[in-house]
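Read the structure below first, then the notes.
Each ligand, and each atom within it, is numbered from 1 in the order the structure gives.
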Amino acid sequence: MTAIAAAPGNPGIAQVAEVRAVDPASAEAVVGAARDFRADLVVIGPEVPLVLGIADAVRAAGIACFGPSAAAARIEGSKAFAKDVMAAAGVRTAHSEIVDHPGELDAALDRFGPTWVVKDDGLAAGKGVVVTADRSAARDHGAELLEQGHPVLLESFLDGPEVSLFCLVDGETVVPLLPAQDHKRVGDGDTGPNTGGMGAYTPLPWLPPETVTEIVDEVVKPVAAEMVRRGVPFSGLLYAGLAIGQAGPAVVEFNCRFGDPETQAVLALLDSPLGTLLHATATGTLAEVEPPRWKDGAAVTVVLAAENYPGRPRTGDVISGTETPADGAANTEVLHAGTSLRADGALLSAGGRVLNVVATGGDLAEARANAYARIAGIKLPGSHFRTDIGLAAVEDRISVPTRV
Ligand code: GLY
């Protein structure tokens, strides 16, 4: 028998899995729930429990677990650790400096620009990053982080189109999934503040096919090998966020988990059983399974966000129109993120990014048309979404610089 439980879950996943009210940051609670469910495999989704070592606790309880150890999750949890691993592995990335005292901030900002990249050296769900040509905005963000007691990472700006490449990694075995592109700014045309991601598409028609091999060979494999060398082998999903510049792929960031909203699009095209790939990674047998097969065509995710997101979002509003319409809304799904159910069964908004419309199509233009037709039928007061997810690719406005 195959059964899935999700913790803590939401009303969307409750349609396909048993939902359990478990605190994902509590090792005792997660291990207890996994034992109670007699789980063959535990998949830890977000970075916070991974950085807290929940995967270590599950493995110590003798249960297969997809997700890195706390020591390996530092590749996302500490930007300074990630930079150190990349330097040792000879991987291209932005030049960076850590600032941990307000008195050092101005002099450090003077060594960067004309575009400043100011990051929280820790977990910030994508919202701790400010990329700006305005020095005072860069300074304000750095000062605010320092005031909160967070060290600040300043980085040089990496030019070139961005790619998210998710790789299943089991020690030194690296299996890439389809490359995708996120849209991090809140507004059309890449305007407004950064968010956790407003939409994504895959595959990338503008990316030369050999670039994925270059990313695997020049970035992911050397990093995986360096982590093995340090005694902290990575097991799980290594997310490489890259800029494809003239010198080749350079790392913007690593994450230790599947990325959102790219995953929704990437997995919509997966034609192999996901469970087999995750179980093989978790049990150290990834090299022995067939590589993933992919459906033809393209997939797009469009995020519906609550009013005021990425600021403090308005929550508690009724959402309507998420049911599959009578015409079947071919090739689309609505996946929930920040939703909850009221006692009377009404679906409510409960977070900043409320839900995702995921659509496939014969090509990117068709996938976009399907996604936007479906999202038009969903109503949430004050909500907003980007109307240009994947549009620059459809209009052939993205290109990779010639490698020098
Ligand atoms: N796509 C951004 C993230 O998952 O962090």
Contacting atoms of ligand 1, where contact means under 4.0 angstrom from a heavy atom of [X]:
X: Asp182; answer: 1 (N), 2 (C)
X: Glu262; answer: 1 (N)
X: Asn255; answer: 5 (O)
X: Gly259; answer: 4 (O)

With nothing but distance in play, are any N or O atoms of Glu253 less than 3.5 Å from an N or O of ligand 1?
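No.
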Point to revise | Test of proximity, Tyr239 against ligand 1: N or O pairs below 3.5 Å | key: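 In this structure, Tyr239 places an N or O atom under 3.5 Å from an N or O of ligand 1.
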Salt bridge (Lys or Arg N to Asp or Glu O under 4.0 Å) pairs touching residues 139-154, sequence neighbours excluded, are Asp106-Arg139
Tested for side chain to side chain contact (heavy atoms under 4.5 Å, CB included) against Glu162, the lone hit among Ile244, Leu242, Val252 is Val252
Does some non-hydrogen atom of Gly196 fall short of 4.0 Å from ligand 1?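 Contact present.
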Quick one about Ser96 and Glu155 (side-chain donor to acceptor, distance below 3.5 Å, no hydrogens or angles considered), yes or no?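 Per modelled atom types, Glu155 and Ser96 side chains form no pair under 3.5 Å.
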Q | Nearest heavy atoms of Pro249 and Glu214, plus distance in Å | A |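 Minimum heavy-atom separation between Pro249 and Glu214: CD-OE1, 4.1 Å.
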Per-pair distances, 0.1 Å, donor-acceptor, side chain in residues 226-237, under 3.5 Å, sequence neighbours excluded:
from	atom 1	to	atom 2	distance (Å)
Glu226	OE1	Arg229	NE	3.0
Glu226	OE2	Arg229	NH2	2.9
Glu226	OE2	Arg230	NE	2.6
Glu226	OE2	Arg230	NH2	3.3
Arg230	NH1	Asp84	OD2	3.1
Arg230	NH2	Asp84	O	3.4
Arg230	NH2	Asp84	OD2	3.2

Requested in this report: Would you sort out whether Phe112 and His95 count as a ring pair (Phe, Tyr, Trp, His ring centres under 6.0 Å), showing the intermediate values?
Outcome: CA-CA 9 Å; Phe112 289 83; His95 163 69; 5.4 Å; yes
Measuring from atom 4 (O) of ligand 1, which candidate in Glu76, Arg257, Met198 has the nearest non-hydrogen atom?
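Among Glu76, Arg257, Met198, the closest heavy atom to atom 4 (O) of ligand 1 comes from Arg257.
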